[in-house]
Amino acid sequence: MKYVLIGFLKLYRQFVSPLYGQVCRFYPSCSAYALEAVQSHGAVRGSWLAARRLARCHPWNPGGYDPVPSKDVDRGEHDSANQSGAVLDAGPLQRGA
């Protein structure tokens with residue numbers, strides 16, 4: 001199923017997308033986002049991410065840079081320098097004001 005979706009998205013980008021021109025309010029474009037999402041997350045999760053992206057494409061959304069989330073972020077895993085689980089002190093509290 002994944003490869004069928006990838007083939008469909010590549011055909012769409014090759015033949016249909018040029019007819020619309022540069023109308024996408026996001027970067028990367030919605031079709032590029034969908035292709036990357038399906039390639040990196042698989043058919044089900046990639047399609048879900050692409051559908052969420054298309055739902056955000058409306059005149060009241062300012063758009064902008066919206067990359068496909070990495071698999072680590074998707075699963076709630078964090079790649080941070082604080083691997084030990086210790087809480088880092090943010091500094092002294094400011095009182096008053």
Side-chain angles (χ1 to χ4, degrees):
M1 185 64 169
K2 174 181 174 179
Y3 297 105
V4 172
L5 286 172
I6 290 172
F8 172 76
L9 289 166
K10 286 184 177 183
L11 285 172
Y12 176 85
R13 289 178 51 85
Q14 182 75 28
F15 297 108
V16 178
S17 189
L19 299 175
Y20 287 109
Q22 297 291 344
V23 296
C24 192
R25 61 183 60 246
F26 290 105
Y27 178 82
S29 68
C30 291
S31 59
Y33 182 96
L35 181 60
E36 185 181 343
V38 171
Q39 286 174 333
S40 62
H41 294 280
V44 175
R45 181 73 177 155
S47 296
W48 170 248
L49 290 169
R52 282 183 45 209
R53 170 71 173 276
L54 288 171
R56 289 192 306 266
C57 187
H58 53 75
W60 301 280
N61 190 325
Y65 181 61
D66 183 27
V68 175
S70 68
K71 285 189 167 192
D72 293 340
V73 172
D74 239 8
R75 296 182 183 142
E77 299 169 4
H78 300 288
D79 184 27
S80 68
N82 186 17
Q83 295 294 327
S84 66
V87 176
L88 297 177
D89 189 341
L93 295 174
Q94 293 181 355
R95 298 176 193 239

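Hydrogens, waters and symmetry mates are skipped; everything else that's a heavy atom, side chains included, is used.
Screening residues 57-70 for salt bridge (Lys or Arg N to Asp or Glu O under 4.0 Å), with sequence neighbours left out, gives Arg53-Asp66, Arg56-Asp66. For residues 16-31, no residue pair satisfies the salt bridge (Lys or Arg N to Asp or Glu O under 4.0 Å) rule, not counting sequence neighbours.
Looking at His41, its side chain does come within 3.5 Å of a backbone N or O of Pro69 through a donor-acceptor pair.
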Give every donor-acceptor pair under 3.5 Å between a side-chain atom in residues 2-19 and any protein atom, sequence neighbours left out.
{"from": "Lys2", "atom 1": "NZ", "to": "Gln39", "atom 2": "O", "distance (Å)": "3.2"}
{"from": "Arg13", "atom 1": "NH1", "to": "Ser31", "atom 2": "OG", "distance (Å)": "3.1"}

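The two residues Cys30 and Cys24 come nearest to each other via the heavy atoms N-SG, 3.4 Å. For the pair Ala32 and Pro28, the tightest heavy-atom approach, listed with the atom from each and the gap, is CB-CB, 4.0 Å.
No path of Ile, Leu, Val, Met, Phe, Trp and Tyr side chains, each step under 4.5 Å between heavy atoms, connects Tyr33 with Leu35, placing them in separate hydrophobic clusters.
The other residues sharing a hydrophobic cluster with Tyr65 are Tyr27, where clustering joins ILVMFWY side chains under 4.5 Å apart.
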